[in-house]
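The structure under discussion appears below in the form of structure tokens.
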Amino acid sequence: MRETALALPLFCRGKVRDVYDLGDHLLMVATDRVSAFDVVLPTPVPDRGKVLTQLSAFWFARTRQVPNHLVSTDLRDVAQAAGLEEAHLVVLRGRSMLVRRARRVDFECVVRGYLTGSAWKEYQRTGSVCGVQLPPGLQPGARLPEPLFTPATKQQAGHDENVTFQALCATVGPELAERLRETSLRLYCHLAEYVASRGLVLADTKFEFGLVAGELVLIDEVGTPDSSRYWDREAYARGQLEPFDKQLLRDYLERVGWDKTPPGPQLPSDLVAELRARYLEVFRRITGREVELS
């Protein structure tokens, strides 16, 4: 599924999700669209949206010590909230979430346990990440002395930008900034410890938060291969970074020399098949079960 067209008010259409306005609630539908470098690519990856939705639901259930926005993934509940017949929503099965409407905090709360991605590039330039000085001589993929909270601006268009904790404090206030940092670090440690027992390394991940009646709640997605970098644990012990996330796609696009401007290139069928297989495998490893595909 690349796009939905429900008889409901459209709240927004993001890179991956179509979101519908149900008043006090939102209906979030994860499509099979795939983006890289802030561009939605023309080739969908089958069943991707189902992995993102069902893995988020798994993590929302396992992290209930932090309030979240998920109400239900049951189509009966979705149909009742939307005022539609359940039979008209079968296409949404396994890829939709009914959620509480929240006032989004416009920062991504990134936690990094390992030196990779934009953090590695910044470290090469400055020896620090988001204003935090790191030991010299670290190699790509190195485990950090302790997990780092590195917030980033949440942009509607263009690239998100890493910022310092002080910049976050200046925008949202020191009290909320500290709550975001403490909650994000606690969640990362919980996820990282769990997936280690499932043969994976959680290199980094991002969380998003909102406010519902003044309460800080976890929103959007959690622990997915879109919002996280997962590596095979045994391969990492051998010095290899074997990704089970969207890095496979980014690496391909870098190799073919795409200039990262729209429109993106069509993806070859073997890459699409490998991306789908890795998304399904990371779901299987983390949850111990198969994705519900129908």
Interatomic distance, L280 atom CG to E290 atom CD [nearest 0.5 angstrom]: 8.0 Å
Could you give the distance from CZ (F11) to OH (Y20), rounded to the nearest 0.5 Å? 13.5 Å
Determine whether more than 12 heavy atoms belonging to other residues, nucleotides or ligands lie under 6.0 Å from atom CD of E215. yes
Note, R100 side chain near D24 side chain (heavy atom, < 4.5 Å): no
Is the shortest side-chain heavy-atom distance between V66 and R186 below 4.5 Å? yes
Work out which heavy atom in V71 is nearest to a heavy atom in H25; give both atom names and the distance. CG2-CD2, 3.7 Å
Are the side chain of N162 and the backbone N or O of A152 linked by a donor-acceptor pair below 3.5 Å? no
Give the C-alpha distance, both sets of side-chain angles, the deciding distance and a yes or no for side-chain contact (heavy atoms from CB on, under 4.5 Å) between L148 and L134. CA-CA 10 Å; L148 287 183; L134 295 177; 3.9 Å; yes
Hey, is the main chain of V29 close enough, under 3.5 Å, to the side chain of R17 for a donor-acceptor pair? no
Quick one, E254 and K260 - any side-chain contact, counting heavy atoms below 4.5 Å? yes
Same cluster or not: V111 versus I286, using hydrophobic residues (I, L, V, M, F, W, Y) connected whenever any side-chain heavy atoms lie under 4.5 Å apart? yes
Residues E221 and T224: closest non-hydrogen pair is OE1-OG1, 2.7 Å
Going from NZ on K206 to CG on D220, what distance comes out if it is rounded to the nearest 0.5 angstrom? 5.5 Å
Decide salt bridge (Lys or Arg N to Asp or Glu O under 4.0 Å) for D47 and R276; before the verdict, give the C-alpha distance in whole Å, the side-chain angles of both, and the deciding distance to 0.1 Å. CA-CA 7 Å; D47 300 317; R276 179 180 183 273; 2.7 Å; yes
side-chain hydrogen bond (donor to acceptor under 3.5 Å, both in side chains) between T261 and D259: does it pass, once the steps are laid out? CA-CA 6 Å; T261 60; D259 63 4; 2.7 Å; yes
So, does R33 use its side chain to make a donor-acceptor pair with the main chain of G14 at under 3.5 Å? yes
Under 6.0 Å from the CZ atom of R198, do we count more than 12 heavy atoms belonging to anything else shown? yes
Side-chain heavy atoms under 4.5 angstrom apart, residues restricted to Ile, Leu, Val, Met, Phe, Trp, Tyr: same cluster for L89 and L293? no
Within the distance-only criterion (no hydrogens, no angle test), does the side chain of R278 pair as donor or acceptor with the backbone N or O of P243 below 3.5 angstrom? yes
Decide yes or no on side-chain hydrogen bond (donor to acceptor under 3.5 Å, both in side chains) for D245 and Y279, but give the supporting numbers first. CA-CA 7 Å; D245 52 55; Y279 271 57; over 6 Å; no
Closest contact, heavy atoms only, V222 versus W59: O-CD1, 3.1 Å
Side chain E122, main chain C130, donor-acceptor under 3.5 Å: yes
Pair S56, T53: side-chain N/O donor-acceptor within cut-off below 3.5 Å: no
Is the closest side-chain heavy-atom distance between F207 and S227 below 4.5 Å? no
For F37, is the NZ or CZ atom of R250 found under 6.0 angstrom from the centre of its six-membered ring and inside 45 degrees of the ring axis? no
Could you go step by step and tell me if R112 and S118 meet the side-chain hydrogen bond (donor to acceptor under 3.5 Å, both in side chains) rule? CA-CA 11 Å; R112 305 176 186 275; S118 63; 3.2 Å; yes
Assess the residue pair L248 and E274 against the criterion (side-chain contact (heavy atoms from CB on, under 4.5 Å)); give the C-alpha distance rounded to whole Å, side-chain angles, the decisive distance to 0.1 Å, and a yes or no. CA-CA 9 Å; L248 194 72; E274 182 62 22; 3.4 Å; yes
Could you check whether atom CD of E178 has more than 12 heavy atoms from other residues, nucleotides or ligands sitting under 6.0 Å from it? yes
So how far is it from K246 NZ to D226 CG, rounded to the nearest 0.5 Å? 4.5 Å
Are the side chain of R233 and the backbone N or O of A196 linked by a donor-acceptor pair below 3.5 Å? yes
Kindly say whether G94 contributes a backbone atom to a donor-acceptor pair with the side chain of Q54 at under 3.5 angstrom? yes
With side-chain contact (heavy atoms from CB on, under 4.5 Å) as the test, would you mind laying out the steps for V51 and R48 before giving the verdict? CA-CA 5 Å; V51 173; R48 219 178 71 88; 5.8 Å; no
With the side chain counted from C-beta on, respond yes when D232 and F244 share a heavy-atom pair under 4.5 Å apart, and no when they do not. yes
Just checking E292: does its CD atom have more than 12 heavy atoms from other residues, nucleotides or ligands closer to it than 6.0 angstrom? no
CG of N68 to CZ of F60, rounded to nearest 0.5 Å, is 5.0 Å
Would you please test R179 and E175 for salt bridge (Lys or Arg N to Asp or Glu O under 4.0 Å) and show each step? CA-CA 6 Å; R179 288 168 64 198; E175 181 180 351; 5.0 Å; no
Side-chain contact, heavy-atom cut-off 4.5 Å: L41 with P265? yes
Is it true that, when you exclude Q240 itself, more than 12 heavy atoms of the residues, nucleotides or ligands shown sit nearer than 6.0 Å to its CD? yes
Looking at R76, I'd like to know if its CZ atom is crowded, meaning that more than 12 non-hydrogen atoms belonging to other residues, nucleotides or ligands lie closer than 6.0 Å. no
For V272 and V45, work out which heavy atoms get closest and say how close. O-CG1, 4.0 Å
Heavy-atom side-chain proximity of V195 to V201 below 4.5 angstrom: no
Quick check for you: to the nearest 0.5 Å, what is the distance between D204 atom CG and Y188 atom OH? 7.5 Å
Is there a path of hydrophobic side-chain contacts, each under 4.5 Å between heavy atoms of I/L/V/M/F/W/Y residues, joining Y114 to F149? yes
Do Q133 and Y123 touch side chain to side chain, with heavy atoms closer than 4.5 Å? no
Just by modelled atom types, is the A30 backbone N or O under 3.5 Å from a matching donor or acceptor in the K50 side chain? no
Please test T153 against E161 for side-chain hydrogen bond (donor to acceptor under 3.5 Å, both in side chains), starting from the C-alpha separation and ending with a verdict. CA-CA 5 Å; T153 57; E161 295 183 4; 5.1 Å; no
Specify the closest pair of heavy atoms between L10 and V19, including all atoms of both residues, with the distance to one decimal. CD1-O, 3.4 Å
With a 4.5 Å cut-off on side-chain heavy-atom distances among I, L, V, M, F, W and Y, is there a chain of contacts connecting L267 to V256? yes
Using 30° and 60° as the class limits, which term best fits the ring planes of Y194 and F58: parallel, tilted or perpendicular? tilted
Determine whether the side chains of Y230 and T205 contain a donor N or O and an acceptor N or O closer than 3.5 Å. no
Would you say T164's side chain and A167's backbone share a donor-acceptor pair under 3.5 angstrom? yes
Linking I/L/V/M/F/W/Y whenever their side-chain heavy atoms sit closer than 4.5 Å, directly or via other members, would L75 and M28 fall into one cluster? no
Verdict with supporting geometry, L200 and V282, side-chain contact (heavy atoms from CB on, under 4.5 Å): CA-CA 9 Å; L200 294 166; V282 80; 3.9 Å; yes
Closest non-hydrogen atom pair, R229 against G117: NH2-CA, 3.4 Å
Where the side chain of D18 meets the backbone of R13, is there a donor-acceptor pair that is under 3.5 Å apart? no
